[in-house]
*Asks:* 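Let me begin by handing over the structure; questions about it come next.
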Amino acid sequence: MRGEWGLGELFCLARGLGCTLGLRLGRGRGATDRGALIWLCYDALVHFALERVGPFVYLSLVGNVANSDGLIASLWKEYGKADARWVYFDPTIVSVEILTVALDGSLALFLIYAIVKEKYYRHFLQITLCVCEMYGCWMTFLPEWLTRSPNLNTRLLLWQSWIGLKKMHQKETSSVKKFQWTFKTINTII
């Protein structure tokens, strides 16, 4: 091992902690609530610890990620390979992230409490958090798409998936044709 943590290791750690906390808090509850608690614990950890609130917003407000050192800066530099707006100060991204951290991270924690304590306002918080998450995604990505993605590398995973689906379709079409040919041949012989 290299002696340092990378992007994958940090998110695996957050997933593991989120899963552990969610399962522990969800004891005695149905599968849906346990799944929600796992996600919410992970979401809160990512918003507050790894991704958004402290580290990214702080680095962006005191300078930028590109000129920063340390574990969290290296995480954002890696993320910046797909979307350069996260490496250099982008006011839209930072504004959305401040709102996301303050509102979404807090809502996730309050929602965890509401689920565990079976509070009457649980579904109000849940709907509000879902709308906030959709708004954050919309405001993060739509402006970039409208400007033809000068900072967002849309060719990475999407392109890989397009090629993979195309290959699967070609194999399936080829297999169907072979099956049809074999079936016609058998019918002719019979």
Side-chain angles (χ1 to χ4, degrees), residues 5-15 17-18 22 35-112 114 121-166 169:
W5 287 56
L7 182 66
E9 290 93 350
L10 286 173
F11 279 101
C12 281
L13 177 64
R15 278 188 215 118
L17 286 172
L37 287 166
I38 289 168
W39 169 253
L40 291 166
C41 289
Y42 170 73
D43 195 38
L45 283 168
V46 168
H47 277 68
F48 287 117
L50 290 178
E51 216 177 302
R52 297 183 169 141
V53 86
F56 175 75
V57 172
Y58 174 78
L59 290 173
S60 297
L61 293 176
V62 299
N64 62 49
V65 171
N67 297 329
S68 301
D69 294 318
L71 178 64
I72 299 300
S74 65
L75 174 122
W76 285 107
K77 288 176 186 176
E78 185 68 26
Y79 191 83
K81 291 177 183 177
D83 190 344
R85 298 173 300 163
W86 298 89
V87 178
Y88 300 99
F89 182 84
D90 181 288
T92 302
I93 294 294
V94 176
S95 298
V96 169
E97 287 306 313
I98 290 171
L99 180 64
T100 300
V101 167
L103 196 55
D104 293 7
S106 299
L107 278 171
L109 292 176
F110 289 134
L111 183 52
I112 290 167
Y121 51 80
R122 175 249 175 106
H123 289 288
F124 173 76
L125 292 178
Q126 194 164 300
I127 291 168
T128 304
L129 178 58
C130 291
V131 170
C132 288
E133 292 282 8
M134 289 188 298
Y135 174 79
C137 287
W138 182 266
M139 291 306 298
T140 298
F141 296 109
L142 186 66
E144 191 66 8
W145 292 332
L146 291 174
T147 58
R148 298 183 182 245
S149 301
N151 299 298
L152 180 62
N153 185 347
T154 57
R155 295 176 307 227
L156 292 171
L157 295 178
L158 188 58
W159 183 251
Q160 180 188 33
S161 293
W162 177 260
I163 297 300
L165 288 171
K166 183 178 175 184
H169 175 72

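Residue indices begin at 1 and follow the sequence shown. Computation of the quantities below employed the complete heavy-atom set of this structure, encompassing side-chain atoms and omitting hydrogens, waters and symmetry-equivalent molecules.
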*Asks:* Kindly write out the residues that satisfy side chain to side chain donor-acceptor pair (under 3.5 Å) with R85, not counting sequence neighbours, or none if the list is empty.
*Replies:*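 Once residues adjacent in sequence are excluded, the partners of R85 under the side chain to side chain donor-acceptor pair (under 3.5 Å) criterion are D83.
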*Asks:* How would you list, by chain and number, every residue that makes a ring pair (Phe, Tyr, Trp, His ring centres under 6.0 Å) with W39, sequence neighbours excluded?
*Replies:*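 Counting only residues at least two positions away or on another chain, W39 forms a ring pair (Phe, Tyr, Trp, His ring centres under 6.0 Å) with Y42.
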*Asks:* For the OG atom of S106 and the CG atom of L111, what is their distance to the nearest 0.5 Å?
*Replies:*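 Result: 12.0 Å between the selected atoms.
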*Asks:* Please find the pair of heavy atoms, one from A44 and one from L109, that lie closest to each other, and give the distance.
*Replies:*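 In terms of heavy atoms, the two residues are closest at CB-CD2, 3.8 Å.
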*Asks:* For the atom pair CZ (F110) and CG (L40), what is the distance rounded to the nearest 0.5 Å?
*Replies:*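 Between atom CZ of F110 and atom CG of L40 there are 13.5 Å.
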*Asks:* Of the non-hydrogen atoms in V87 and G80, which two are nearest, and what is the gap between them?
*Replies:*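 Here V87 and G80 meet closest at CG2-CA, 3.3 Å.
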*Asks:* Please list, chain by chain and in numerical order, all residues satisfying side-chain contact (heavy atoms from CB on, under 4.5 Å) with I163, sequence neighbours excluded.
*Replies:*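 Listed in chain order: W159, K167.
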*Asks:* Parallel, tilted or perpendicular for W76 and W86, by the 30°/60° rule?
*Replies:*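 Ring orientation of W76 relative to W86: parallel.
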*Asks:* Y88: which residues meet the side-chain contact (heavy atoms from CB on, under 4.5 Å) condition with it, sequence neighbours left out?
*Replies:*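 In terms of side-chain contact (heavy atoms from CB on, under 4.5 Å), with neighbours along the sequence ignored, Y88 is linked to N64, A66.
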*Asks:* Once rounded to the nearest 0.5 Å, what's the spacing between atom CG of L107 and atom OG1 of T128?
*Replies:*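 Answer for the CG-OG1 pair, L107 versus T128, is 6.5 Å.
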*Asks:* Say you draw a straight line from CG of L99 to CG of D104; how long is it, rounded to the nearest 0.5 Å?
*Replies:*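 The distance works out to 7.0 Å.
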*Asks:* Between atom CZ of R122 and atom CD1 of I127, what is the distance when rounded to the nearest 0.5 Å?
*Replies:*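 That separation rounds to 10.5 Å.
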*Asks:* Locate the shortest heavy-atom distance separating L45 from G18; write the atom from each residue and the value.
*Replies:*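 Where L45 meets G18 most closely, the heavy atoms are CD1-N, 3.7 Å.
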*Asks:* Mind checking whether I93 and F56 have side chains closer than 4.5 Å, heavy atoms only?
*Replies:*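 SC-SC contact between I93 and F56 confirmed.
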*Asks:* Distance-only check: which donor-acceptor pairs under 3.5 Å involve side-chain atoms of residues 136-144, not counting sequence neighbours?
*Replies:*
{"from": "T140", "atom 1": "OG1", "to": "G136", "atom 2": "O", "distance (Å)": "2.6"}
{"from": "E144", "atom 1": "OE2", "to": "N151", "atom 2": "N", "distance (Å)": "2.5"}
{"from": "E144", "atom 1": "OE2", "to": "L152", "atom 2": "N", "distance (Å)": "3.0"}

*Asks:* Looking at every heavy atom in both A114 and Y121, which two are closest together, and how far apart are they?
*Replies:*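 So the two residues come closest at CB-CE1, 3.8 Å.
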*Asks:* Applying salt bridge (Lys or Arg N to Asp or Glu O under 4.0 Å), name anything that partners K77, two or more places apart in sequence or on another chain.
*Replies:*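 Salt bridge (Lys or Arg N to Asp or Glu O under 4.0 Å) check on K77 returns nothing, list empty.
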*Asks:* Say you draw a straight line from CG of L129 to CG of L125; how long is it, rounded to the nearest 0.5 Å?
*Replies:*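 That separation rounds to 8.5 Å.
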